[in-house]
Amino acid sequence: MRRTAALATVVVTAALALTACGASGSSPGDCDTDRGTLTVGLVAPLSGELANIGAGMRNAADLAVRQANDRCAIPGYRLALDARDDRADPATGAEAARQLAADPDLVGVVGTYNSSTAQAVQPVLSDAGVVQVSPGNTNVSLTRGANPVTAPLRQYQTYFRVVATDAVQGPLAANYLAGTGRTRVAVISDGNTYGEGLAGEFVKQFQTRGGQVVLRQTLPATASATARDATVAAVRAARPQAVFYGGEYPAGGPLSEALAGAGGPVMGGDGMVNPAYAAAGGQDGDLGTTVGAPPESVPGARGFVDAYRAAGYPEGYGEYGAFSFDATNVVLDAVASVVNGRGGGEWSTDQRPAVDQAVQSTDADGVTGPISFDRFGDVSSDAVAVYRLVGGRWIPERTQP
């Protein structure tokens with residue numbers, strides 16, 4: 001197990017807690033909590049079309065907080081999760097972040113899922129000096145600025161993420177399609193930060209591989225049926241061998257259904273690989289990529305999966321539960337190292353910069369794999385996987401590396 005020396009004891013205890021007491025949900029037994037409560041915030045889509053993703057994120061973060069309380073992670077304090085709904089809307093997310101940041105006992109925030117929401121939340125938390133660790137954002141610009149290749153620039157020292165970016169995910173999809181002999185692809189994106197970034201990375205790599213983008217269109221997720229039909233007609237006329245969609249499953253599923261395989265399979269990113277995709281219209285044979293390997297296939301994730309199920313949450317942990325668990329523990333371990341060390345056992349908002357530095361120094365074995373951050377706040381691991389829709393279910397097909 002890899003960990004900085006300051007965090008070693010905390011993490012070893014955390015790993016044991018996964019099977020020993022992580023599923024109990026009990027309140028701290030013999031822990032001293034006389035100094036009060038410290039809050040971990042979460043900003044995620046807890047309502048609307050992406051609510052199933054947000055629920056898994058919230059529950060996994062809650063599990064990490066429960067386990068931290070069970071092991072008395074920060075003597076003198078009880079830890080609590082304050083989960084806020086961003087409705088996948090940037091303005092709502094920014095307001096949620098402002099409300100959380102106003103709490104002097106807030107030690108960090110887990111979130112967001114949507115990259116467009118992150119763009120609104122980042123400056124709010126940065127101004128307050130509050131660390132933010134995302135379990136789901138994949139747009140490259142969030143850590144490397146508007147020119148990530150020619151002039152990468154980190155704008156927010158408080159922002160980190162535990163997932164690989166679209167600079168990894170998009171090229172993997174392009175390489176996969178090119179490797180199956182497909183040389184003509186139509187590319188459709190939803191106009192949002194995530195979808196456009198993912199589609200752009202796909203196009204660059206597909207063309208590098210000698211592929212031809214025979215159609216490039218933007219179809220907003222809120223577009224009318226008439227607009228979708230026009231896009232479908234354009235795809236059919238272009239006669240691609242596959243369609244790459246930069247967007248999320250609520251709009252990707254109906255697009256796939258309308259195409260009915262006319263342009264070959266539809267392939268998308270992690271926003272497509274959702275259990276609800278088939279019900280939204282996704283067709284068998286469609287493809288998708290995700291950040292990270294399937295949790296069930298990662299030896300270190302077994303304890304998390306078992307503890308999550310034993311805890312009795314009504315919703316599944318989904319594609320981002322394991323990442324949310326890791327993100328929460330990154331925050332908790334950093335806070336513990338600061339409060340238990342240089343803080344002399346007392347928390348104050350003056351320690352927020354030290355928490356940022358502790359997160360930057362993370363060197364851990366999470367349930368999703370190794371966790372450390374580069375100078376931009378990106379996780380060092382770049383594992384991604386390809387899934388295929390079979391019988392209405394996403395089945396893992398390939399993991400890289």
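This chain uses plain numbering: 1 for the first residue, then up along the sequence.
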In a table with atom names and distances, give each donor-acceptor pair under 3.5 Å that connects a side chain of residues 278-288 to protein atoms at least two apart or in another chain.
{"residue": "Gln283", "atom": "NE2", "partner": "Gly281", "partner atom": "O", "Å": "2.7"}
{"residue": "Asp284", "atom": "OD1", "partner": "Gly391", "partner atom": "N", "Å": "3.1"}
{"residue": "Asp284", "atom": "OD1", "partner": "Gly392", "partner atom": "N", "Å": "3.0"}
{"residue": "Asp284", "atom": "OD2", "partner": "Gly391", "partner atom": "N", "Å": "2.9"}
{"residue": "Asp286", "atom": "OD1", "partner": "Val266", "partner atom": "N", "Å": "3.0"}
{"residue": "Asp286", "atom": "OD2", "partner": "Ser256", "partner atom": "OG", "Å": "2.6"}
{"residue": "Asp286", "atom": "OD2", "partner": "Tyr277", "partner atom": "OH", "Å": "2.6"}
{"residue": "Asp286", "atom": "OD2", "partner": "Gln283", "partner atom": "N", "Å": "3.1"}

Between Tyr77 and Asp105: side-chain donor-acceptor atoms closer than 3.5 Å: no
Tyr194 side chain reached by Asn139 side chain, heavy atoms, under 4.5 Å: no
side-chain hydrogen bond (donor to acceptor under 3.5 Å, both in side chains) between Thr193 and Gln119, intermediate numbers included: CA-CA 9 Å; Thr193 301; Gln119 288 176 319; 2.9 Å; yes
Within 6.0 angstrom of Arg87 CZ, more than 12 heavy atoms from elsewhere: no
Short side-chain donor-acceptor distance under 3.5 Å, Asn274 and Asn52: yes
Between Arg161 and Thr143, a side-chain donor and acceptor under 3.5 Å: yes
Donor on one side chain, acceptor on other, Tyr249 and Glu49, under 3.5 Å: no
Polar side-chain atom of Asn340 near backbone of Ala336 as donor-acceptor pair, under 3.5 Å: yes
Under 3.5 Å side-chain donor-acceptor pair for Thr112 and Asn137: yes
Evaluation steps, side chain to side chain contact (heavy atoms under 4.5 Å, CB included), between Leu215 and Val235: CA-CA 7 Å; Leu215 178 71; Val235 171; 3.7 Å; yes
Polar side chain donor-acceptor pair, Glu95 to Gln99, under 3.5 angstrom: yes
Between Glu248 and Asn192, a side-chain donor and acceptor under 3.5 Å: no
Ring center gap for Phe304 and Tyr317 short of 6.0 angstrom: yes
Tyr156 and Asp356, any side-chain heavy atoms less than 4.5 Å apart: no
Pair Gln169, Asp270: side-chain N/O donor-acceptor within cut-off below 3.5 Å: yes
Asp374/Arg144 salt bridge by N-O under 4.0 Å criterion: yes
side-chain hydrogen bond (donor to acceptor under 3.5 Å, both in side chains) between Thr158 and Gln132, worked out: CA-CA 6 Å; Thr158 56; Gln132 175 185 358; 5.8 Å; no
Pair Thr92, Asp86: side-chain N/O donor-acceptor within cut-off below 3.5 Å: no
Closest approach of Pro265 to Gln241 (non-hydrogen atoms, all atoms of both residues): CD-O, 3.6 Å
Identified side-chain contact (heavy atoms from CB on, under 4.5 Å) counterpart of Phe323 within the set Thr368, Thr328, Val367: Thr368
Exercise: do Arg209 and Asn175 side chains pair donor with acceptor under 3.5 Å: yes
Test item: side-chain donor near acceptor, Ser372 and Ser380, under 3.5 Å: yes
